[in-house]
Protein chains: 2
Amino acid sequence: MSEKITIYDIAKRLNITAATVSRALNNNPKIKESTRKLVIETAAAMNYKQNRLALALQSGRSNNIGVIVPRIDSNFFASVIRGIEEELHPHGFQVIICQTHEDPKRENENLHTLLDAQVDGILMSVTDVSNENDAAFRNIVNNNVPLIFFDRKKDISGVSSVTIDDFKGGYETTKHLINQGCKSIAHFSGDQSLEIFKNRFLGYKQALLDSGLTFDEKYVIQSKSSVDAGKEALNILMQYDTPPDAIFSSSDFAALGAIQELKAREINIPADFCVAGFSNEPFTKFMELSITSVDQSPLEMGKMSARVFLEQMEKTDKIMIEKKVVLKPELHIRKSSARTTS
Amino acid sequence: MSEKITIYDIAKRLNITAATVSRALNNNPKIKESTRKLVIETAAAMNYKQNRLALALQSGRSNNIGVIVPRIDSNFFASVIRGIEEELHPHGFQVIICQTHEDPKRENENLHTLLDAQVDGILMSVTDVSNENDAAFRNIVNNNVPLIFFDRKKDISGVSSVTIDDFKGGYETTKHLINQGCKSIAHFSGDQSLEIFKNRFLGYKQALLDSGLTFDEKYVIQSKSSVDAGKEALNILMQYDTPPDAIFSSSDFAALGAIQELKAREINIPADFCVAGFSNEPFTKFMELSITSVDQSPLEMGKMSARVFLEQMEKTDKIMIEKKVVLKPELHIRKSSARTTS
DNA sequence: TATTTTCGTGTAATCGATTACATTTAAATG
DNA sequence: CATTTAAATGTAATCGATTACACGAAAATA
């Protein structure tokens, strides 16, 4: 039952002041070498542990940063968090996790909680698609707490962001499908109020136009990111008089659903129909019929976000920097769309 | 550039003391209703935010708990963490994440960091298989910080744990393979210094013996949890004069590797060879040839761990409780081992 | 009216560490 | 030996909130 040992306990034991103990432990050069040694040894012997709360209160820095994501149990977000943790750990920062479950109210609540907890920064992927929480974001910036968006961002002045080039991801994937000989390409999109989905869609559209294919709204289906949603979406497409011969899906899960349904209809993939997804979820490469997908390098995204945060921290002056990092998407071509074995 | 507002600022504005402000904000019944209202309104108007660090220092409770896992980007651990976060969030606790990357030194370091940060509890899945960190674990218990192991546990007195019945998982899976008519069942195991792998192995062995099958060491292969390791392990088995006709793998990834290799050898699954994995990773059910696997209900495991922690917190007395919760594993039978369509 | 309660606030210590400033002691200099 | 200078440590305020105890004023009681 060891009681909590403080620097006062050490001081008492050695008949010196807490100030001296503090200085000795912090390697303050004003302390006599012999005293320093004695203090350090005694501290170790008494099993002293620095109370970081006290330090945090006095210094105004908690050495904690907050991370807010829709949910943690998705390969993408978990990998980003891994990247953040790995990059920040060596700098003595700890990572506090919050989930919004796609609920703007939860997002707002999380922001406040983190602020109350005096985190030194907030790294997050935005949930709110309306502008409900914009005031909260500005409040954070005004409080001089570095705020960094990754993947799902918003344009708020003073907020840095790390994203991938979703337009390019959509563009290149669609181009690839066209190169495979697909003539009529459908698109499964997410909520286009979110920049990521909007941009993937715009990339898709541009690729069609650049290749002389016609763009038709009816081939763009808004669906959730789930296997079932993908099945439903495919069924809608198949009811058309002229069904498409390829799908570029903003979600790997929806892509999988479409594939399952296509197989049930005994349509040959990729010979008669090509499918490509987005996110490069682990299962896409494990499948027997592996699925073409766009990798978002989540690990790198996490590390980069952390680095942007660290940079921001160093600027002690109140100058506000806004940095926008855009990572390159990487298309992984797999069986679901590889007609040629070039 | 709003400066940090404290209760002193509110007090000054209202010409009262910080003590009164504090009491008013905490709904202390001794405060006059009119004063309370006034304080609360002023606090809101001034955009006051409670500094939880100050509260933590004074109360001795940080309202943070630490979670240590080998890595966060695995579906299992991410899901456990999700469960923990969801259960603890309503109680005002925040979750700090640490990763060990399977390195006992990192584990030790994480334990110390969390202790320094004054977390109110630590929930973790053990990395260290030697006894290097036992002293650190005992130290935590002695400091009266609730410590709870989930999944990968160790027997340390005073430490509660939440696990699944790995023995049963191994036993039932093996029994299932036997029921499918498999006569010679191999086992891919992990590091048996870890209880989970030891118990899955023991369950496997017992099932063989109970069914009158012979147990032979050479059919037990120690392999890592990866697709490649599974391939290698399968190749070893296939060199035997009498190769097995089924595998119970402690890892879904290794099971997948084995399946890929079996397909390459044009062996029919499940007709001529059955495979079962462990963990119920998402991809196991997505595969064309879906893989039989044991679900560990990670979400439930996380929630349960959180509940055990909360219970422990409530006991303000220094009585130490040790609670061992064992969840039931759930076998999901899929195509990789389903010969009969019962 | 005198006295006891009750109510609402103020005073000041506390949590544990850091640090500007003051002070003591020893060493260096004239 | 007197005095400046440097080295080492002590004193006390600070970070922001809580709370035991003290205290004055108003209300209740005798």
Side-chain angles (χ1 to χ4, degrees), chain A residues 2-40 42-43 46-64 92 113 115-120 143-144, chain B residues 2-40 42-43 46-64 92 113 115-120 143-144:
Chain A
S2 63
E3 279 311 299
K4 290 266 165 73
I5 303 295
T6 74
I7 52 171
Y8 295 94
D9 299 318
I10 300 175
K12 203 173 291 167
R13 170 90 73 103
L14 296 178
N15 257 321
I16 55 180
T17 22
T20 305
V21 175
S22 171
R23 283 189 274 248
L25 292 173
N26 287 296
N27 290 316
N28 184 314
K30 299 210 154 194
I31 293 296
K32 214 199 304 179
E33 188 52 37
S34 59
T35 315
R36 182 201 321 289
K37 258 189 76 176
L38 188 62
V39 168
I40 290 177
T42 313
M46 295 176 79
N47 194 25
Y48 166 76
K49 293 266 150 227
Q50 187 193 45
N51 185 329
R52 273 190 42 208
L53 286 181
L55 175 56
L57 175 59
Q58 122 83 30
S59 70
R61 286 189 41 175
S62 66
N63 277 292
N64 287 151
T113 316
L115 231 39
D116 292 358
Q118 308 290 120
V119 292
D120 296 336
N143 275 28
N144 270 313
Chain B
S2 62
E3 281 309 299
K4 291 266 164 73
I5 303 296
T6 73
I7 51 172
Y8 294 94
D9 299 319
I10 300 176
K12 203 173 292 167
R13 170 90 73 103
L14 296 178
N15 258 323
I16 54 180
T17 22
T20 305
V21 175
S22 171
R23 282 189 275 247
L25 293 174
N26 287 296
N27 289 318
N28 184 315
K30 302 210 151 192
I31 294 296
K32 212 200 306 179
E33 188 51 37
S34 60
T35 314
R36 183 202 320 289
K37 257 189 76 177
L38 187 62
V39 168
I40 290 177
T42 313
M46 295 177 79
N47 195 26
Y48 166 76
K49 293 266 147 224
Q50 186 193 46
N51 185 329
R52 274 191 41 208
L53 286 181
L55 175 56
L57 175 59
Q58 121 83 30
S59 70
R61 285 189 42 176
S62 66
N63 277 292
N64 287 150
T113 315
L115 231 38
D116 292 359
Q118 308 291 116
V119 293
D120 296 337
N143 275 29
N144 271 314

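Note that these values count all heavy atoms, side chains included, but never hydrogens, waters or copies made by symmetry. Within every chain, numbering begins at 1; the chains are lettered A, B, ... in the order of the sequence lines, protein sequences first and strands thereafter.
- For the segment residues 49-56 of chain A, the set of residues with a heavy atom within less than 4.0 Å of an atom of DNA chain C comprises A:K49, A:Q50, A:N51, A:A54, A:L55, in numerical order.
- Across every non-hydrogen atom of A:K4 and B:Q118, the tightest pair is NZ-NE2, 3.8 Å.
- Each of A:L55, A:L53, A:D120 was checked for a side-chain contact (heavy atoms from CB on, under 4.5 Å) with A:S62, and the lone residue meeting it is A:D120.
- For A:L57, the side chain to side chain contact (heavy atoms under 4.5 Å, CB included) partners are B:N51, B:A54, B:L57, not counting sequence neighbours.
- With sequence neighbours excluded, the residues that form a side chain to side chain contact (heavy atoms under 4.5 Å, CB included) with A:D9 are A:I5, A:T6, A:M46.
- Contacts with DNA chain D (heavy atom under 4.0 Å) in residues 20-38 of chain A: A:T20, A:R23, A:K30, A:I31, A:K32, A:T35, listed by number.
- Comparing B:T17 and B:L57 against DNA chain C, the residue whose closest nucleotide sits nearer the 5' end is B:T17.
- Atom-to-atom distance recorded for A:I31:CD1 and A:I40:CD1 is 10.5 Å, nearest 0.5 angstrom.
- Sorted by first and then second residue, the salt bridge (Lys or Arg N to Asp or Glu O under 4.0 Å) pairs involving residues 25-37 of chain A (not counting sequence neighbours) are A:E33-A:R36.
- Rounded to the nearest 0.5 Å, atoms NZ (B:K49) and OG1 (A:T113) are 8.5 Å apart.
- In this structure A:L14 satisfies the side chain to side chain contact (heavy atoms under 4.5 Å, CB included) test together with A:I10, A:I16, A:L38, A:V39, A:T42, sequence neighbours excluded.
- Applying the side-chain hydrogen bond (donor to acceptor under 3.5 Å, both in side chains) criterion to B:S59, with sequence neighbours excluded, gives no partner residue.
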Starting from the C-alpha separation in whole Å, work towards a yes-or-no answer on side-chain contact (heavy atoms from CB on, under 4.5 Å) for A:L25 and A:Y48.
CA-CA 11 Å; A:L25 292 173; A:Y48 166 76; 3.7 Å; yes
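- Rounded to 10 degrees, the angle separating the terminal helix axes of the helix from C:dT1-D:dA30 to C:dG30-D:dC1, each built from five base pairs, is 60°.
- Residue pairs satisfying the salt bridge (Lys or Arg N to Asp or Glu O under 4.0 Å) criterion with at least one member in residues 10-27 of chain A, sequence neighbours excluded, are absent.
- Among residues two or more places apart in sequence or in another chain, the side chain to side chain contact (heavy atoms under 4.5 Å, CB included) test is passed with A:N26 by A:S22.
- Mapping heavy-atom proximity under 4.0 Å, the span of DNA chain C touched by chain A runs 5' to 3' from C:dG16 to C:dA20.
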